[in-house]
Amino acid sequence: MVPIEGVGWTNGPGGLPFLRMETEQCHARLTSYGAQVCEWVPAGESPVLYVSPHAVFAAGTAIRGGVPISFPWFASHPTDPSKPAHGFARTRTWEVVQVTRESTADVRVVLRLEADDDTRALWGSTFTVSLTVSLGTTLAMTAEVENVGHEAITYELALHTYLAVGDVEAVSIRGLEGARFVDKVDGGKEKVAGGEPLRIAGETDRVFLDTTATCVVDDPVLARRLRIEKRGSHATVVWNPGRDRARAMRDIGEDGWRGFVCVETANVGPHVVRLTPGARGAMTAQIEVVPLD
Ligand code: TA6
């Protein structure tokens with residue numbers, strides 16, 4: 001690959017391979033382990049992605065923060081709880097296909113994961129999944145799945161984005177008003193969101209259905225607004241473990257839960273994707289920081 005000024009690979013925490021970049025537009029870090037963006041700081045801003053100070057960086061463990069990819073299933077496996085939560089994409093090392101930058105444009109990184117004996121042991125389908133990340137003053141991520149086998153495949157996919165916030169109990173999330181959702185902290189009951197922006201009070205784990213809306217996280221503490229626009233996605237997941245559940249998790253720490261909210265661009269549950277042989281499905285999330293009015 002042609003060297004790019006300000007962009008290079010290093011051995012990161014846990015010896016994982018990290019691509020670091022320092023351009024006029026942003027500084028950022030991503031690892032080919034899980035194709036996970038772990039840092040994105042647009043020029044003049046504070047970090048937009050949350051990574052837990054207690055995150056474990058080690059092969060076989062999911063990194064708590066940044067943008068883990070849930071694929072080919074979301075959360076627990078639907079029939080076999082012994083299989084890894086959120087699938088295997090976040091704990092596999094992806095092939096780096098391309099790192100490019102045209103003059104002063106965004107840095108573009110393409111990573112790919114293909115079916116092999118290990119993935120077949122967990123999921124019988126023959127697939128290729130690629131992630132194209134564009135890092136600049138906005139962060140865009142497109143995950144594309146291709147059915148390269150002879151049978152139809154179905155999968156769930158989520159860009160499980162940990163957004164850094166000043167205090168999760170102070171933010172409000174706009175864009176999901178009136179949407180139907182599955183409330184996972186209330187036995188999976190289906191409900192309809194009210195007309196007000198969503199506030200986080202205690203453990204929150206909601207799968208919003210039939211929504212293609214842009215979400216905006218208003219953060220009065222950091223005095224900024226994060227805008228998450230999406231394409232090819234029909235579900236949005238909002239998650240924060242709250243104090244008590246966070247305590248039971250080994251990689252969040254005492255007050256870590258206050259520092260993030262996950263707003264996940266997804267195709268999950270009833271929005272599972274079915275691809276016939278040769279077909280492709282793509283889903284994009286684009287994040288930007290916009291000033292408060
Ligand atoms: O996206 C929400 C969720 O599925 C929650 O139910 C949840 O516990 C979380 O993701 C984190 O899962 P993990 O396997 O990374 O601990």
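Just so you know, residue 1 is the first one in the sequence shown, and it goes up from there. Start at 1 and go down the list; that is how both ligands and their atoms are numbered.
Looking only at heavy atoms of the protein, atom 1 (O) of ligand 1 is closest to E264 OE2, 2.8 Å. Counting protein heavy atoms only, atom 5 (C) of ligand 1 is closest to D205 OD2, 3.2 Å. The single protein non-hydrogen atom nearest to atom 16 (O) of ligand 1 is R64 NH2, 3.0 Å, given as residue, atom name and distance. Of all protein heavy atoms, the one lying nearest to atom 15 (O) of ligand 1 is R90 NH1, 2.8 Å. Nearest protein heavy-atom neighbour of atom 12 (O) of ligand 1: H86 NE2, 3.3 Å. Looking only at heavy atoms of the protein, atom 8 (O) of ligand 1 is closest to R245 NH2, 2.9 Å.
The residues R225 and D219 are annotated as not salt-bridged, no charged nitrogen and carboxylate oxygen being separated by less than 4.0 angstrom. Of the charged side-chain nitrogens involved, none lies within less than 4.0 Å of a carboxylate oxygen, so that D106 and R101 do not count as a salt-bridged pair. A salt bridge links E229 with R227: at least one charged nitrogen is closer than 4.0 Å to a carboxylate oxygen.
Side-chain contact annotation: Q36 with R90, donor-acceptor N/O pair under 3.5 Å absent. Neither side chain, T204 nor K184, offers a donor N or O lying under 3.5 Å from an acceptor on the other.
Less than 4.0 angstrom separates some heavy atom of A75 from each of these atoms of ligand 1: 4 (O). Those atoms of ligand 1 with a heavy atom of V237 less than 4.0 angstrom away are 1 (O).
Contact annotation: for R250 versus ligand 1, there are no heavy atoms closer than 4.0 Å.
Considering backbone and side-chain N/O of K184, none are found under 3.5 Å from N/O of ligand 1.
The hydrophobic cluster containing V168 also contains V289, counting ILVMFWY residues as joined when their side-chain heavy atoms lie under 4.5 angstrom apart, directly or transitively.
If you look at Y50 and W257, their ring centroids are not closer than 6.0 Å.
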